[in-house]
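Working notes for the structure below.
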Amino acid sequence: MARVAYLDHNATTPVRPEVARVMADALAVIGNPSSVHAYGRTARRWIEEARERAARLVGALPEQVVFTSGGTEANNLAIRGCGRERILVSAVEHDSVLGAVDGAERIPVDGDGVVDLDALERMLGGDGSGTLVCMMLANNETGAIQPLRNVVERAHGVGALVHCDAVQAAGKIAVDVTALGVDLLSLSAHKMGGPQGVGALVVGDGVPLTAFLRGGGQERRRRSGTENLPGITGFGRAAESAFHGFEAWSEIEELRDWLEREVRGTVPEARIFGERAPRLPTTTCLSMPGVPGETQVMALDLAGVAVSAGSACSSGKVAESHVLSAMGAGSDAGCAIRVSLGWTTRAEDVDRFLEAWVGLRDRLRARKRAAATAA
Ligand code: PLP
């Protein structure tokens, strides 16, 4: 079977081989990390080593890392557990931030998906002591990177806390909790070559956090439940690989830039969302005007190319992208696809995409012409 051009790494990136190997070893570890006997202590060592690795990736201390079942839980824990009543969220946040509580107020973004700092300042007002600001580092659909330092400066200036969803950014660009100055930061393993179903919330010193999973008091009473030892081990190994692998992204960025150049040259009517903003090296979000995103995704699938439409992160849902709508994309929002590259991507994958996508445009054009001639 021909190689499928897998270009949906922002949904899930393949597990790295070194991660799969260490997870297989972890499955053979006997014992509960909370047990005091030798087996338990060994299991505990595996967890703590993974914690150190995850912490190092984002410049945190190991004791600041709370392991969770993924990015969604980390976001919910941060927002619901931090004790702030007023929640301000950028309009382009992931659904797991937008839906964590009712009544969150949306901070507008510009046409490239970058937050409007003046609007944030107005919304914060003079007293932010009851407020949490949620600002993602990089967007899952467009890759646009937010000016976190500026956000933190404004929020902390009035006493607000800042939560940062770094699920898409971590491992692809340098992320340092201290340099960013954020109070809470979410991570997910399956976006960096680790397994699905495991992530972490990094909690700054002195930031209060009330657990919503209660029971045995694991994770320093911040998240009860026996730790997912194989998953956490895999997460730690993926974080380690990511920590040592930043230089590889420049080649991926060249492939992404080449893809965009070809698109501009051959499909001039296409729109590339967020192209003027600083972006992740991996992501491009494109529209083919007049052709629904789902039609493009299905045609590409038949041609052996895997991409997604809108923010298709959850099971097969196809809803118009709130991200692109917030950016003022209008009817183009329904005609967008996300092409996301990753550590397995090669030039032939991009070639395959271009051939299939431009081919689709040509076929649709020819069909339209034939219909017009027949009429
Ligand atoms: N935040 C962002 C920006 C994401 O892209 C995703 C998943 O796509 C999540 C959070 C949710 O992470 P998880 O799939 O680990 O629950």
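First listed ligand is number 1; within each ligand, the first listed atom is number 1.
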Gly199 near ligand 1 by a heavy-atom separation under 4.0 Å: no

Contact atoms of ligand 1, heavy-atom distance to Ser188 under 4.0 Å: 13 (P), 15 (O)

Non-hydrogen atom of Gln196 closer than 4.0 Å to ligand 1: no

Donor-acceptor pair, side chain of Lys191 and main chain of Asn10, under 3.5 angstrom: yes

Mode of Val97 contact toward ligand 1 - side chain, backbone, both, neither (heavy atoms, under 4.0 Å): neither

Salt bridge (charged side-chain N to carboxylate O under 4.0 Å, His left out): pairs with one or both residues in residues 98-115, sequence neighbours excluded: Arg86-Glu105, Asp112-Arg276

Under 3.5 Å: donor-acceptor pair, side chain of Trp46, backbone of Ile232: no

Parallel, tilted or perpendicular: rings of His37 and Tyr39 (30°, 60°): perpendicular

N/O separation below 3.5 Å, Gly71 to ligand 1: yes

Element-labelled atoms of ligand 1 that are located less than 4.0 Å from some non-hydrogen atom of Lys191: 6 (C), 7 (C), 8 (O)

Heavy-atom proximity to atom 1 (N) of ligand 1, best of Asp165, Thr12, Asn140: Asp165

CD-CG distance between Gln64 and Leu184, expressed to the nearest 0.5 angstrom: 10.5 Å

Part of Val167 with heavy atoms under 4.0 Å of ligand 1, whether side chain, backbone, both or neither: side chain

Set of side chain to side chain contact (heavy atoms under 4.5 Å, CB included) partners for Asp176, sequence neighbours left out: Thr178, Ala179

Test: Glu253 and Arg256 ion pair at under 4.0 Å: yes

Heavy-atom nearest option to atom 14 (O) of ligand 1, drawn from His190, His94, Met136: His190

For Gly70, the ligand 1 atoms whose distance to one of its heavy atoms is below 4.0 Å: 15 (O)

Verdict with reasoning, Leu280 to Gln168, per side-chain contact (heavy atoms from CB on, under 4.5 Å): CA-CA 9 Å; Leu280 290 178; Gln168 290 290 348; 4.2 Å; yes

N or O contact, Ser96 vs ligand 1, cut-off under 3.5 Å: no

